[in-house]
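By convention here, the first residue in the shown sequence is residue 1.
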Amino acid sequence: MTLDLARWQFAITTVYHFLFVPLTIGLSLLVAGMQTAWYRTDDERYLRMTKFWGKLLLINFAMGVVTGIVQEFQFGMSWSDYSRYVGDVFGAPLAIEGLLAFFLESTFLGLWIFGWDRLPKRLHLACIWLASIGTVLSAYFILAANSWMQHPVGSVVNDERGRAELVDFGAVLTNSTAVGAFLHTITACFVTGGMFVVAISAWHLARGRHTEVFRPSMRLGLVTVLIASLGVVVTGDLQARLMTEQQPMKMAAAEALYDTVAPASFSLFTIGTPDGSQELFSVRVPRILSFMATGSFDGEVEGINQLQAAAEQTYGPGDYTPDIPVTYWTFRLMIGFGMLAGLLSVVGLWLTRRSARRPVPRWFYVAGVAGLVLPFAANSVGWIFTEMGRQPWAVYGMLRTADGVSPSVSTPMALTSLIVLTLLYGALAVVDGYLMVRYAEAGPPPVAPESPADTDEPRPLAVAY
């Protein structure tokens, strides 16, 4: 019971925190691009866009910091045995993320906030770009740590001390799983940031407000979503092949494939027994799974039953299969939500093209606002799939999840902390929602003739955002 509560607690805090991370990364780079356009053209529209979307970025960044701090406490509170086992390896990329990447993004984001009217234009522009680069570096170091859990490299197990020890930090940072996960995550971040811009722009355009700002904003968001969606497809294909090579059980579970087959079909819809142990009915597309997993339409994909038998021979008796229904459906929902976002961007670009003589229909603005949920849903179920598909391992092939929970944490303690954190996150959601709606509804600010600094001459630094 304690294990289940600890897992629920970590899942809730992780998924909630991950709502803010992709938006921060994607939106920060888009804001940097907007300010660059203003710097190069001196067009007031881009300045108003920068200030409007920048304010929403700051709210989201602050929420990400608050929820991220809770993540750190999770390791020591409910997962002390896990922390002791992986600390020598896992702690290294996280330490660099905090000391280098987060320091970079927070410092220069602060200079960007308070540097309006005070810093030279070129230096002020550099601040937002450095802050954006910091968010990308943060993502890489964190994904390197998580990828080591998926595919342990650069470490050895010290049986006397009962923990993993780092022997090659370069191997951890260049882990093929980390590279694949980073590319897939960054493209998903651009989809999230782009769809965020599309949704809020659609909200204002539907009411005919600030069209000079939100029309180019919507076009920028739509183009970003389309290009990034294509990137998600390409990087997702790369990840599928890495997953087949490194975690074949996860790929088999993602397809509810119980027996090894070549060629393997892709399941569009499957009904299985309640425990997920057998397939009862499915609708499949021939050979597609083979191509996804191996790059060949005739490739062989191992099944759950054969992989379970092999795992028992390697690791001893036990159940080495993840939750099949959860893994199967989160994989499909991730793909489905992502495809809908890409489709929405194609439709939007067609309707808003310059040659279009008719005004954009209202139904598209409604769809654009509703589409805001798509990237967040895709990111959430994708993260759930990544972590659930690795079970029963906390560190694949090295440490089981059941062996990582804190032995001193009782069921009442775990339940209490779960309830408290859930209520706290609910309160944070209310605050975040209120702030985002308030500032999104307010629209872009008017720009005074002297704001921001219109020369490259330095001025005294002061609070002036």
Check the side chains of E302 and T260 for a donor-acceptor pair under 3.5 angstrom, ignoring hydrogens and angles. no
Taking it one step at a time, do Y320 and R400 satisfy side-chain contact (heavy atoms from CB on, under 4.5 Å)? CA-CA 10 Å; Y320 298 94; R400 301 190 195 199; 2.6 Å; yes
4.5 Å side-chain heavy-atom contact, S78 and F10: no
Rounded to the nearest 0.5 Å, what's the gap from CZ on F61 to CG on L109? Could you check? 5.5 Å
About how many Å separate CG of L435 and CE of M63, when rounded to the nearest 0.5 Å? 8.0 Å
For V233, is there any backbone N or O sitting under 3.5 Å from a side-chain donor or acceptor partner on D237? no
My understanding is that only one of T327, T401, D323, T321 makes a side chain to side chain donor-acceptor pair (under 3.5 Å) with Q391; could you say which? T401
So which heavy atom on L428 is nearest to which on T67, and how close? CD1-CG2, 4.3 Å
Can you confirm whether F103 is buried at CZ, in the sense that more than 12 heavy atoms of other residues, nucleotides or ligands lie under 6.0 Å from that atom? no
Quick check on W79: does its CH2 atom have over 12 non-hydrogen neighbours (other residues, nucleotides or ligands) under 6.0 Å away? yes
Calculate, to the nearest 0.5 Å, the distance between atoms CD1 and CE belonging to I59 and M436 respectively. 6.0 Å
Report the C-alpha distance between T330 and T386 in whole Å, list the side-chain angles of each, state the deciding distance to 0.1 Å, and finish with yes or no for side-chain contact (heavy atoms from CB on, under 4.5 Å). CA-CA 9 Å; T330 52; T386 298; over 6 Å; no
Kindly give the heavy-atom pair with the smallest separation between S176 and L242, and that separation in Å. O-CD1, 3.5 Å
Between atom CG of L30 and atom CZ of F190, what is the distance when rounded to the nearest 0.5 Å? 6.5 Å
For T107 and L104, indicate whether the former's side chain and the latter's backbone hold a donor-acceptor pair under 3.5 Å. no
Does the side chain of T177 come within less than 4.5 Å of Q247's, by heavy atoms? no
If you define the side chain from C-beta out and look only at heavy atoms, does anything of E312 sit under 4.5 Å from Q308? yes
R163 side-chain N/O to V157 backbone N/O, donor-acceptor pair under 3.5 Å: no
Between R390 (side chain only) and W393 (backbone N and O only), is there a donor and an acceptor less than 3.5 Å apart? yes
What is the minimum heavy-atom distance between S380 and L19, and which atoms define it? OG-CD2, 3.6 Å
Would you list the pairs meeting side chain to side chain donor-acceptor pair (under 3.5 Å) in which at least one residue belongs to residues 407-422, sequence neighbours left out? T2-T411, Q9-S417
Pairing residues for D168 by the side chain to side chain donor-acceptor pair (under 3.5 Å) criterion, not counting sequence neighbours: none
In terms of side-chain heavy atoms, does Q150 have a donor or acceptor partner in Q246 at a distance below 3.5 Å? no
Should V136 and L29 count as side-chain neighbours, where that means a heavy-atom distance under 4.5 Å? yes
Any side-chain heavy-atom pair from H184 and V232 closer than 4.5 angstrom? yes
Between K250 and F385, is the side-chain contact (heavy atoms from CB on, under 4.5 Å) condition met? List the steps. CA-CA 9 Å; K250 183 186 290 188; F385 165 74; 3.8 Å; yes
Compare every heavy atom of M149 with every heavy atom of A394, then report the nearest pair and how far apart it is. O-CE, 3.3 Å
Donor-acceptor check, side chain of S406 to backbone of S80, threshold 3.5 angstrom: yes or no? yes
What is the minimum heavy-atom distance between A199 and L372, and which atoms define it? CB-CB, 3.6 Å
Under 4.5 Å between any side-chain heavy atoms of R219 and L349, yes or no? yes
Determine whether a donor-acceptor pair (N or O, by modelled atom type, separation under 3.5 Å) exists between the side chain of N60 and the backbone of F20. yes
Looking at S132 and S28, would you say the former's side chain and the latter's main chain have a donor-acceptor pair under 3.5 Å? yes
Do V172 and F141 make a side-chain contact, defined as non-hydrogen atoms from C-beta onward lying under 4.5 Å apart? no
Test W383 against every option in Y16, F18, F376 by the ring-ring contact (aromatic ring centres under 6.0 Å, His included) rule and name the one that passes. F18
When the ring planes of W112 and H124 are compared, do they come out parallel, tilted or perpendicular, using 30° and 60° as the limits? parallel
Output yes when a side-chain donor or acceptor of S345 lies under 3.5 Å from a complementary backbone atom of G342, and no otherwise. yes
Could R332 and E255 be called an ion pair, given the rule that one side-chain N must be under 4.0 Å from one carboxylate O? yes
Quick one: CE on M251 to CD1 on I304, what's the gap to the nearest 0.5 Å? 12.0 Å
P322 versus M388, closest heavy-atom pair with distance: CB-O, 3.3 Å
Passes side-chain contact (heavy atoms from CB on, under 4.5 Å), F90 versus V395? Steps please. CA-CA 11 Å; F90 199 79; V395 181; over 6 Å; no
Can you check whether N379 reaches F337 side chain to side chain, under 4.5 Å on heavy atoms? no
Interatomic distance, E105 atom CD to L100 atom CG [nearest 0.5 angstrom]: 10.0 Å
Is it true that atom CE of M339 has more than 12 heavy atoms of other residues, nucleotides or ligands lying nearer than 6.0 Å? no
Using modelled atom types only, decide if a donor and an acceptor are shared between the side chain of D88 and the backbone of L166 within a distance under 3.5 Å. yes
